[in-house]
Amino acid sequence: MELTVYLAGQIHDDWRENIKKKAKEKNLPLTFVGPQTNHSRSDNVGEDILGEQPENVYKDDAASSINNFRTEVLLQKSDVVIALFGEKYKQWNTAMDASAALTLNKPTIIVRPSSLIHPLKELSNKANVTVETVDQALEVLSYLYE
């Protein structure tokens with residue numbers, strides 16, 4: 001059984017590559033999808049497709065429409081969502097993706113450090129599983145194959 005896993009979370013480090021590598025080492029039949037991780041491409045996709053916009057607010061709006069389209073399609077096609085909340089970056093997009101996944105009734109694993117227990121308590125309560133590390137999230141997926 002192959003599963004498609006949407007990896008929601010910040011795009012500023014290699015956590016996605018790390019989980020992909022570990023899943024491959026465990027021979028887990030997982031395909032990973034997620035948001036555009038090239039920050040420049042994500043910010044500029046609206047103008048790349050629609051042309052130069054008159055102001056930054058319009059540039060952001062155009063990019064957001066296309067990024068939201070991408071997210072919706074990939075979330076709908078996913079079997080499972082892992083949403084990583086970290087300490088270093090703002091987590092608005094992660095919260096939005098996790099909420100969308102839950103609205104779509106996608107099985108969702110929240111990854112958050114203990115320092116974020118309180119701010120994420122409602123979201124964590126709605127998720128299927130909450131863990132503190134990406135490794136633990138991968139172990140949850142591994143358990144499906146036992």
Side-chain angles (χ1 to χ4, degrees), residues 1-50 56-57 59-146:
M1 166 180 68
E2 184 162 326
L3 298 175
T4 299
V5 181
Y6 186 95
L7 298 175
Q10 56 87 13
I11 64 171
H12 302 287
D13 65 27
D14 64 350
W15 76 272
R16 285 179 180 82
E17 293 310 311
N18 186 29
I19 200 169
K20 290 175 188 177
K21 178 184 170 203
K22 289 179 179 184
K24 187 174 184 175
E25 289 170 358
K26 291 178 175 282
N27 294 315
L28 296 175
L30 305 174
T31 299
F32 294 98
V33 296
Q36 174 58 257
T37 57
N38 179 323
H39 203 163
S40 178
R41 176 69 170 144
S42 176
D43 285 350
N44 295 310
V45 69
E47 287 190 331
D48 291 347
I49 293 172
L50 302 173
N56 280 342
V57 68
K59 176 183 175 180
D60 285 347
D61 187 61
S64 294
S65 294
I66 295 166
N67 284 319
N68 284 334
F69 175 80
R70 175 192 170 104
T71 298
E72 184 173 340
V73 169
L74 294 177
L75 274 175
Q76 286 187 18
K77 293 203 168 281
S78 68
D79 299 301
V80 176
V81 175
I82 295 176
L84 172 69
F85 290 88
E87 307 248 16
K88 189 172 180 183
Y89 299 101
K90 303 290 187 241
Q91 305 297 314
W92 299 303
N93 286 346
T94 309
M96 185 177 75
D97 288 354
S99 295
L102 293 168
T103 299
L104 292 169
N105 293 314
K106 297 294 178 177
T108 302
I109 301 169
I110 300 287
V111 181
R112 55 99 186 100
S114 60
S115 64
L116 296 179
I117 290 172
H118 181 73
L120 293 173
K121 65 186 178 297
E122 284 81 10
L123 189 58
S124 181
N125 184 265
K126 294 280 187 184
N128 297 88
V129 178
T130 299
V131 297
E132 290 189 5
T133 69
V134 171
D135 287 339
Q136 290 172 334
L138 192 56
E139 286 301 316
V140 171
L141 293 181
S142 295
Y143 185 66
L144 294 173
Y145 298 97
E146 287 184 16

Margin query: Could you walk me through whether Ile11 and Gln36 satisfy the side chain to side chain contact (heavy atoms under 4.5 Å, CB included) test, starting with their C-alpha distance in whole Å, then the side-chain angles of each, then the deciding distance to 0.1 Å, before giving a yes or no?
Written below: CA-CA 8 Å; Ile11 64 171; Gln36 174 58 257; over 6 Å; no

Pairwise distance [atom1]([X]) to [atom2]([Y]) - rounded to 0.5 angstrom:
X      : Y      : atom1 : atom2 : answer
Leu30  : Ser142 : CG    : OG    : 7.5 Å
Leu116 : Gln91  : CG    : CD    : 7.0 Å
Ser115 : Glu87  : OG    : CD    : 3.0 Å
Leu104 : Tyr6   : CG    : OH    : 11.5 Å
Leu84  : Asp13  : CG    : CG    : 7.5 Å
Leu3   : Leu144 : CG    : CG    : 6.5 Å

What are the two closest non-hydrogen atoms of [X] and [Y], and how far apart are they?
X     : Y      : result
Leu75 : Asp97  : CD1-O, 4.0 Å
Ala83 : Ala98  : CB-CB, 3.9 Å
Met96 : Asn68  : CE-OD1, 3.5 Å
Pro29 : Met1   : CG-O, 3.2 Å
Val5  : Leu141 : CG2-CD1, 4.0 Å
Gln10 : Thr94  : N-OG1, 3.8 Å

Next item on the list: Flag the pair Pro35 / Asn67 as yes when at least one side-chain heavy-atom distance between them is below 4.5 Å, and no otherwise.
Entry: no

Note to self: Would you say that Val111 contacts Trp15 through its side chain, given a criterion of any heavy-atom pair below 4.5 Å between the two side chains?
What the structure shows: no

Note to self: Tell me whether Glu25 is salt-bridged to Lys22, with the criterion being a basic N under 4.0 Å from an acidic carboxylate O.
What the structure shows: no

Check: Under 3.5 Å, is there a donor-acceptor pair linking the side chains of Ser64 and Asp60?
Finding: no

Next item on the list: For a side-chain contact (heavy atoms from CB on, under 4.5 Å) with Arg70, tell me which candidate from Ile66, Leu74, Val73 qualifies.
Entry: Leu74

Item checked: Audit row: Phe85, Thr130, side chain to side chain contact (heavy atoms under 4.5 Å, CB included) steps and yes/no -> CA-CA 11 Å; Phe85 290 88; Thr130 299; over 6 Å; no

Flag yes if more than 12 heavy atoms outside [X] fall under 6.0 Å of its [atom1] atom; otherwise flag no.
X      : atom1 : value
Glu132 : CD    : yes
Phe69  : CZ    : no
Lys21  : NZ    : no
Lys126 : NZ    : no

Note to self: Let's go through Leu28 and Leu138 carefully: what are the C-alpha distance in whole Å and the side-chain angles of both, what is the deciding distance for side chain to side chain contact (heavy atoms under 4.5 Å, CB included) to 0.1 Å, and is it a yes or a no?
What the structure shows: CA-CA 9 Å; Leu28 296 175; Leu138 192 56; 3.8 Å; yes

Next item on the list: Please report the C-alpha distance between Asn128 and Val80 in whole Å, then the side-chain angles of each, then the deciding distance to 0.1 Å, and finally whether the side chain to side chain contact (heavy atoms under 4.5 Å, CB included) criterion is met.
Entry: CA-CA 10 Å; Asn128 297 88; Val80 176; over 6 Å; no

Item checked: Test side chain to side chain donor-acceptor pair (under 3.5 Å) applied to Ser40 and Asn38, Asn44, Asp43, the passing residue -> Asn44

Next item on the list: Under the salt bridge (Lys or Arg N to Asp or Glu O under 4.0 Å) rule, collect the residues that match up with Lys77, sequence neighbours excluded.
Entry: none

Check: Are any side-chain N or O atoms of Lys20 and backbone N or O atoms of Phe32, one a donor and one an acceptor, separated by less than 3.5 Å?
Finding: no

Item checked: Arg112 (side chain) donor-acceptor with Pro119 (main chain) under 3.5 angstrom -> no

